Amino acid sequence: MAKNLVIVESPAKAKTIEKFLGKDYVVKSSIGHIRDMPKKDMGIDLENNFEPTYEVTADKKKVVAELRKAVKVAEKVYLATDEDREGEAIAWHLLEALKLPRDTSRIVFHEITKGAITNAITNPRTVDFNLVDAQQARRVIDRLVGFEISPVLWRKISGARSAGRVQSPVMRLVVEREREISQHSAVSSYKVKAELVNDNGELVEVKLNKDFDSKDQTLAFATQLLSADLSVLSVEKKPSKRSPKAPFITSTLQQEASQKLGFSVKQTMTIAQNLYREGAITYMRTDSFTLSETAIEAAEKVIKQEFGVEYHNARRFKTKDAGAQEAHEAIRPTDLTKPSIYGVDEQTAKLYSLIYKRTLASQMSDAKLQKTQIKIAVSNADELFVAMGEILTFPGFLKVYNYLSAEDKLLPDLTQGEPLTLASFSARESFSRAKPRYTEASLVKKIEEMGIGRPSTFATMVSTVQDRNYVTKETREGFEREYELIEISEGTVVESKPNETTGVEKNKLFPTNVAYLLNDFLVKNFSNIID
DNA sequence: CAGTGAGCGAGCTTCCGCTTGACTT
């Protein structure tokens with residue numbers, strides 16, 4: 001019989017840790033929180049210092065019963081819940097529910113490696129009751145807000161079902177963005193492009209250094225250009241670089257999977273959960289950019305072997321967000337020698353590959369570029385034409401993770417003073433755009449920036465506002481729009497009015513009618529809460 | 001006499017954050 005009992009939150013984690021610790025240890029999991037306030041009433045004594053009542057949650061009765069049994073036969077118990085506010089509270093709830101002494105050993109680790117775990121075991125502490133109280137305050141206030149305001153809404157606003165610290169600001173963002181969009185009036189301007197040619201017949205694409213406000217100005221410039229002399233004013237070359245991004249955390253994984261693979265936030269999390277359960281990746285609900293030293297070394301080995309020493313650059317990314325709790329690592333493959341996994345469906349393979357590439361790239365050297373800027377003077381005008389070129393001189397991390405198209409944009413080798421002639425000219429009317437509607441992923445990004453919600457709730461918060469019928473996800477067709485086009489053809493200025501399809505929206509979030517009413521009601525009456 | 005509709009009363013809804021897995025669309 002094992003002498004030591006270790007309790008963690010996640011069953012998958014329990015399995016891994018048990019392997020590291022050997023036969024003297026049995027590792028069990030709480031499967032998240034085990035106790036909460038009652039479902040049906042407030043469960044807070046408002047007359048008595050806001051004392052909360054807790055009970056074992058219906059779906060955790062079995063778990064708690066099993067843990068009690070395990071505690072009975074154990075000589076020593078270690079509470080190894082996550083090292084964050086919620087994890088500390090879970091440790092305390094375990095103390096209470098399992099009737100453990102207050103000085104029961106509490107251990108923490110931020111990475112699932114043998115070294116980290118044995119080190120934790122040899123350096124136990126006790127439960128931090130200040131942190132537990134912080135969590136209780138958070139929990140009590142969330143319930144007070146939700147359970148006091150929601151019933152008011154049932155009476156006052158038909159269709160309104162709920163309000164809360166998180167969901168109401170989330171809904172507000174969508175409502176306010178939609179109002180901004182409907183108030184936006186498109187201002188038009190004219191962007192000028194041209195192709196110029198030198199005496200050797202080499203062509204260069206250029207843009208004008210300013211846009212025109214009106215059609216008249218644009219026509220005047222086009223006419224001036226007919227009799228202008230063009231010549232190279234300057235050629236400037238300078239090196240530049242691009243650096244890889246930090247490894248994934250929950251929010252950035254959701255954004256990239258949305259942009260690159262078209263996954264919904266929920267879909268991404270479901271697939272990531274499966275990868276985690278199979279042991280292919282580290283924990284997927286995290287706000288930490290940190291990679292374990294073991295992973296950093298493994299990446300170094302792979303990069304040097306696959307690409308060469310010059311492609312390696314060990315990087316340690318710091319979390320900027322002051323509210324981050326950093327109980328886990330960044331999201332990374334557990335085995336960096338496996339660029340892909342097999343025997344899984346296509347979407348799972350794609351998400352894994354994305355995680356693999358992002359992780360490896362984060363430990364690689366900068367990409368180096370040579371940028372060239374050529375300015376071309378127009379003899380009878382103040383405006384300049386500008387050509388920009390970019391050559392990749394060293395790919396670095398771009399070898400595995402392409403954020404931008406790494407295609408070279410080559411320019412002909414022009415020299416200062418060289419004369420050029422106009423080969424083509426087009427000035428196209430364009431319209432200022434309103435801010436885009438949120439997608440699930442961009443809403444998560446915004447929410448995280450504002451410090452609302454936690455990685456474990458990003459997916460549920462975007463679905464809660466949809467379940468409550470405050471927000472809908474829709475794909476909308478584009479509409480035809482006419483624009484002015486001014487060109488030069490055979491020495492004369494030509495005008496036309498072509499059409500284009502614009503405003504195509506895929507999986508964007510729109511507020512419902514209820515959301516407008518509810519939002520205005522909350523802003524008016526509970527401004528301190530929805531702010 | 002059967003069916004309809006007004007009127008009344010009872011019962012329900014709700015928060016956020018931590019975990020999965022069972023279940024439905």
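Each chain gets a letter, A, B and so on, in the order the sequences are listed, and its residues count up from 1. It should be emphasised that the depicted structure is a prediction, and the values quoted were computed from it without experimental measurement.
- In this structure, a donor-acceptor pair under 3.5 Å is absent between the side chains of E326(A) and H110(A).
- Atom CZ in F147(A) sits roughly 7 Å away from atom P in dC15(B) (whole-Å rounding).
- Applying the side-chain hydrogen bond (donor to acceptor under 3.5 Å, both in side chains) test to R138(A) and every residue at least two apart in sequence or in another chain returns E86(A), D142(A).
- Atom CG in N469(A) sits about 16 Å away from atom C1' in dT14(B), given to the nearest Å.
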With a cut-off of 3.5 Å and sequence neighbours excluded, list every side-chain donor-acceptor pair involving residues 62-77 of chain A.
from   : atom 1 : to      : atom 2 : distance (Å)
R68(A) : NE     : A97(A)  : O      : 3.1
R68(A) : NH2    : A97(A)  : O      : 3.0
K76(A) : NZ     : S105(A) : OG     : 2.9

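- Taking every heavy atom of residues 509-531 of chain A and every atom of DNA chain B, no pair lies under 4.0 Å.
- Using a 3.5 Å distance cut-off with no hydrogens or angles, the side chains of T502(A) and R481(A) do not pair a donor with an acceptor.
- The list of side-chain hydrogen bond (donor to acceptor under 3.5 Å, both in side chains) pairs with a residue in residues 123-132 of chain A, not counting sequence neighbours, reads E88(A)-R125(A), N119(A)-N123(A).
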Between side-chain atoms of residues 294-302 of chain A and protein atoms elsewhere (two or more places apart, or another chain), which donor-acceptor pairs fall under 3.5 Å?
from    : atom 1 : to      : atom 2 : distance (Å)
E300(A) : OE2    : K304(A) : NZ     : 2.5

Contact state string [nucleotides 16-25 of chain B, B base, S sugar-phosphate only, - no protein heavy atom under 4.0 Å]
BBBBSS----
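- For E329(A), the salt bridge (charged side-chain N to carboxylate O under 4.0 Å, His left out) criterion is met by R332(A), not counting sequence neighbours.
- For R316(A), the salt bridge (charged side-chain N to carboxylate O under 4.0 Å, His left out) partners at least two apart in sequence or on another chain are E293(A).
- One interatomic measurement links the two molecules: CZ of R155(A) to C1' of dT14(B), which rounds to 13 Å at whole-angstrom precision.
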With a cut-off of 3.5 Å and sequence neighbours excluded, list every side-chain donor-acceptor pair involving residues 40-52 of chain A.
from   : atom 1 : to     : atom 2 : distance (Å)
D41(A) : OD1    : G43(A) : N      : 3.3
D45(A) : OD1    : E47(A) : N      : 3.1
D45(A) : OD1    : N48(A) : N      : 3.4

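- No hydrogens or angles considered: a donor-acceptor pair under 3.5 Å links the side chains of S243(A) and D366(A).
- Applying the side-chain contact (heavy atoms from CB on, under 4.5 Å) test to E278(A) and every residue at least two apart in sequence or in another chain returns nothing.
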Could you encode protein contacts along nucleotides 7-13 of chain B as a string, one character per nucleotide from 5' to 3', using B for base contact, S for sugar-phosphate-only contact and - for no contact, with a heavy-atom cut-off of under 4.0 Å?
------B
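- Donor-acceptor pairing under 3.5 Å is lacking for the side chains of E111(A) and Y283(A).
- In DNA chain B, no run of at least 3 Watson-Crick or G-U pairs (N1-N3 plus N6-O4 or O6-N4, or N1-O2 plus O6-N3, all under 3.5 Å) shows up, so the stem list is empty.
- Using a 30° and 60° split on the angle between ring planes, F248(A) and Y401(A) fall in the perpendicular class, above 60°.
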